[in-house]
Amino acid sequence: MRLDIDIAIKETYESGQTLSFISKIINNNLVYSEDKLLLYINAESIDNPVHSIYVKAYPKHDASYVKQLLRSKDNLNKIYESIDTDSIMHKAIMSYKGLRLTKSDPVITTIVFIISQFNNINRIRGIIDKLYSYGKVVKLNSKSYRLFPDLYTLEKISIERLREIGLGYRAPYLYNAVRYMLYNLDMYSLEHKSYEYIKDALMDIYGIGDKVSDCIALFGYGKTEAFPIDTWIKRAIERLYFNNERLKISKIKEFAYSRWGRYAGYAQQYLYHLSRMTKLSI
DNA sequence: ACCCAGGCGGGCG
DNA sequence: CGCCCGCATGGG
């Protein structure tokens, strides 16, 4: 199925969202798989913003799901207009035009960002890879791929095994979260709740705090007002907007919400990508 | 060797 | 509340 959308696949893939962790670039195509579906996304060039992509899906072609995943309703030009408040954000927008926020499965997003805490992107990818080995094998175009394991499969993995996989001290966080999502909280019941409601519900989970819940709200529930603050974003705001002054998280939040409002999440994503790509030597 | 990574829970004042 | 500390692990 062909889908009209302005998107820079590579930037979107590399910018540290859920999609970054549960998909792979294979032969210049993006392969993304959740627990019940697999997408094979082909763009003419993953290096440049394109205007359309071609998608094959397992088990069936479902354009609406792909549109939701890639947030095709977002009018990037309008969003740029509203967050282009200064020369720094302007540079980020110009550099990474076509970078989109993505909206992934909230359960998988929760798992990914519990693993992400106080960790680095390469290690997170490695751990997610190992989790994939528990997933079902499916075929698409006569090639085999793994789906992400569902909660019932993850429930069978012991804490010791999670430690071996590399979760370290986060093993009990994930172990408990899997059970919490199975028996205490239907994550899909939060889909159309407010940002604040979602944050409160997520922060009741052992191992999920302010930052991880913001990532889940943003990348798993599509709440674009969320502004996750990790070490990169903290340094970036301090260095680029406050002349290297040390700031409290609460102060940075205030700054971000008042400056970028309901698209703070987009501003965050561009700033995060800019910070990592330039290592802040701008 | 040392420092850092998409932070969190717990304990203390 | 806010602040401070320890935490597993691997790569630069």
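Note on naming: letters A, B, ... go to the chains in the order of the sequence lines (proteins, then strands), and numbering restarts at 1 for each one.
- Residue A:I124 contributes atom CD1, which lies 18 Å from atom P of C:dA8 at whole-angstrom precision.
- Of all nucleotides present, only B:dG11 satisfies the Watson-Crick or G-U wobble test against C:dC3, with each distance under 3.5 Å.
- Spacing between C:dG10 and B:dG9 at atom C1', rounded to whole Å, works out to 23 Å.
- A heavy-atom distance below 4.0 Å to DNA chain C is reached by none of the residues of residues 201-222 of chain A.
- Put simply, A:Y169 does not rest on the base of C:dA8: the two rings are not both less than 5.5 Å apart at their centres and under 30° in tilt.
- Judged by distance alone, with hydrogens and angles left aside, A:Q117 brings no side-chain donor or acceptor close enough to the base of B:dG9 to form a pair under 3.5 Å.
- There is a side-chain donor-acceptor pair under 3.5 Å between A:Y188 and A:D105.
- For the pair A:R179 and A:Y206, the cation does not sit on the ring face, since its NZ or CZ is not both under 6.0 Å from the ring centre and inside 45° of the axis.
- Counted by atom type alone, A:Y32 and A:S104 present one or more donor-acceptor pairs between their side chains at under 3.5 Å.
- Comparing A:F118 and A:N122 against DNA chain C, the residue whose closest nucleotide sits nearer the 5' end is A:F118.
- The aromatic rings of A:Y145 and A:Y40 sit tilted, their planes meeting at an angle between 30° and 60°.
- Here, C:dC5 and B:dC4 have their P atoms 15 Å apart, quoted to the whole Å.
- Aromatic ring pairs are classed by plane angle as parallel below 30°, tilted from 30° to 60° and perpendicular above 60°; the pair A:F227 and A:W260 is parallel.
- Spacing between B:dC3 and C:dC7 at atom C1', rounded to whole Å, works out to 16 Å.
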